[in-house]
There are 2 protein chains.
Amino acid sequence: MSETQESMIVEHVLDAISDQRLRAGTKLGEQALSDLFSCNRAHVRRALATLSAYQVVDLIPNRGAFVSTPSEDEARDIFQARRAIEATIIRNVVRRADDADLAALRAHLTHEDAVRQENDRPKAIRASRAFHMLLARIGRNSVLEKYLSELTMRTSLIIGLYGTNKASLCADDEHRHIVDSIAARDEARAQDLVDHHLRHIENEIEFGSQSPRIGPLSFILQPSEG
Amino acid sequence: MSETQESMIVEHVLDAISDQRLRAGTKLGEQALSDLFSCNRAHVRRALATLSAYQVVDLIPNRGAFVSTPSEDEARDIFQARRAIEATIIRNVVRRADDADLAALRAHLTHEDAVRQENDRPKAIRASRAFHMLLARIGRNSVLEKYLSELTMRTSLIIGLYGTNKASLCADDEHRHIVDSIAARDEARAQDLVDHHLRHIENEIEFGSQSPRIGPLSFILQPSEG
DNA sequence: TCAGTATATATTGTTAACAAAATAAACAAA
DNA sequence: TTTGTTTATTTTGTTAACAATATATACTGA
């Protein structure tokens with residue numbers, strides 16, 4: 001069903017959300033999107049239905065589509081779900097990772113270091129999320145991988161909403177320690193580190209400090225780069 | 001966005017799948033669905049997009065929508081994901097269940113007993129799934145609840161595809177033992193029982209025995225009852 | 001009878017036009 | 001100035017018509 005057109009919209013919006021270019025509450029107008037991606041509104045509507053099913057967009061009847069704004073309760077549920085899912089993922093990783101996977105993890109760590117130098121916040125956020133998604137891929141469970149993909153995007157929204165400046169990024173050495181424990185095939189330690197890492201991120205969030213500023217859609221999405 | 005019409009279709013299809021009235025591979029024609037639910041094709045299309053996002057329906061370009069047919073690998077991923085998610089759910093349940101929740105669980109057990117007498121297989125399957133979803137609700141994590149809802153539906157597809165006759169239902173006493181451990185606030189035991197219960201179900205599946213028979217859509221969905 | 005091909009039918013994909021609702025703007029009265 | 005009302009504009013919702021593709025049927029030749 002014309003997957004390309006629709007999935008392009010979906011992918012761009014998801015990317016923009018996970019990079020925190022699109023913030024919670026932003027309206028996703030049908031006309032605006034169909035203009036941006038030069039397609040008709042039917043495609044946009046189906047894309048929005050898909051994004052709504054992913055729970056990153058809220059569809060309000062007669063009002064339109066908005067990037068969803070997770071509540072504090074929802075945020076806690078999301079983090080607990082991440083701990084549940086990533087615990088199994090890391091166990092799979094420790095058991096299944098081969099040399100190529102370990103090399104990819106090491107390569108990613110150096111990439112994260114390089115990004116950290118640049119002081120490019122969206123880029124750093126993207127890299128940080130990519131680490132968790134790399135683990136999910138190495139874990140080789142497509143179901144958990146998809147769910148984590150959704151949850152990390154919603155985590156981006158949460159951090160964008162409530163996150164303090166310092167908190168918004170995963171501490172570098174925590175990722176490094178996790179990779180070390182994987183290389184050592186230390187399952188218990190790896191699980192522990194991931195769990196603490198996630199609690200770390202959650203604890204650095206301060207609920208109550210909303211920052212609702214949003215920018216123009218055309219600037220944020222930039223469909224040309226896809 | 002006219003949630004009622006679209007969500008009605010979605011709910012009916014999901015119900016039919018979880019009851020195993022809709023089997024893997026069944027074609028969901030746009031005309032057929034719009035006739036059944038007396039709405040236009042635009043609604044059907046958006047409903048199918050949503051169902052596709054839930055991963056219970058596959059959209060094949062220029063061919064249409066089909067109830068998805070999980071592979072053996074996918075099935076194993078689904079069961080592992082269930083173990084990951086239900087482990088956390090049961091922990092929440094043991095910690096959070098109040099007297100009303102325990103009463104609801106006991107009531108459900110008697111309901112399952114009653115259903116078992118009737119020899120109505122779809123009804124028994126529905127009751128069995130309802131037990132797991134009741135746990136998810138009592139666990140009070142909306143994210144895990146939604147994911148488990150998806151996974152139990154996909155489990156229905158798997159059992160419909162590969163399940164042996166005896167295997168297709170959860171053993172009654174296993175559910176009862178789980179409730180007992182919850183009442184006793186024995187977290188470790190409850191987690192253990194749920195894990196074994198899920199492995200039990202998985203082990204009774206025989207991959208390789210496809211049964212691809214399907215019936216007419218109008219008979220299966222029966223939109224009148226909604 | 002079977003295989004291959006051409007035709008006919010049905011289904012999905014796409015677009016545009018119109019209706020209904022919500023938002024924005026203009027205006028009047030206090 | 002502020003509040004409330006009316007009008008205009010924009011945006012979402014709905015429908016139908018048409019194009020493109022796939023499936024089913026009928027036909028021809030071996």
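Chain A is the first sequence line, chain B the second, and so forth, proteins listed ahead of strands; every chain is numbered from 1.
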field: Distance, rounded to the nearest Å, where B:Glu30 contributes CD and D:dT15 contributes P
entry: 15 Å
- request: May I ask you to evaluate whether A:Asn40 reaches the phosphate of C:dT14, defined as a side-chain N or O under 4.0 Å from OP1 or OP2?
  value: no
statement: Whole-Å distance, B:Leu28 CG to C:dT11 P, equals 14 Å
- request: Could you tell me the separation between the CG atom of B:Leu48 and the P atom of C:dT12, rounded to a whole number of Å?
  value: 9 Å
message: Tell me which one of B:His197, B:Arg83, B:Arg82 satisfies side chain to side chain donor-acceptor pair (under 3.5 Å) with B:Glu202.
response: B:Arg83
- prompt: A:Phe37 CZ to C:dT14 P: how many Å, rounded?
  reply: 17 Å
message: As a test of reading the structure: which of D:dG13, C:dT12, D:dT14 is closest to the side chain of B:Arg45, going by heavy atoms?
response: C:dT12
query: With B:Phe79, which residues qualify under ring-ring contact (aromatic ring centres under 6.0 Å, His included), at least two apart?
result: none
message: Tell me the interatomic distance from A:Arg46, atom CZ, to C:dT15, atom P, rounded to whole angstroms.
response: 13 Å
field: A:Gln31 CD to D:dT9 P, straight-line distance once rounded to whole Å
entry: 17 Å
field: Options D:dT15, C:dG13, D:dT12, nucleotide nearest the side-chain atoms of B:Ala42
entry: D:dT15
message: Set out, in order, the CA-CA distance, both residues' side-chain angles and the distance that settles ring pair (Phe, Tyr, Trp, His ring centres under 6.0 Å) for B:His175 and B:His132, then state yes or no.
response: CA-CA 9 Å; B:His175 284 186; B:His132 290 261; 5.3 Å; yes
field: B:Ile89 side chain reached by B:Ile85 side chain, heavy atoms, under 4.5 Å
entry: yes
Polar side-chain atom of A:Asn40 near backbone of A:His43 as donor-acceptor pair, under 3.5 Å: yes
field: Distance, nearest 0.5 Å, that separates CG of A:Asp195 from CD of A:Glu86
entry: 10.0 Å
Dump the pairs, protein N or O against N or O of nucleotides 18-23 of chain D, anything under 3.5 Å, distances to one decimal.
unit_1, atom_1, unit_2, atom_2, d
D:dT23, OP1, B:Arg63, NE, 2.3
D:dT23, OP1, B:Arg63, NH2, 3.3

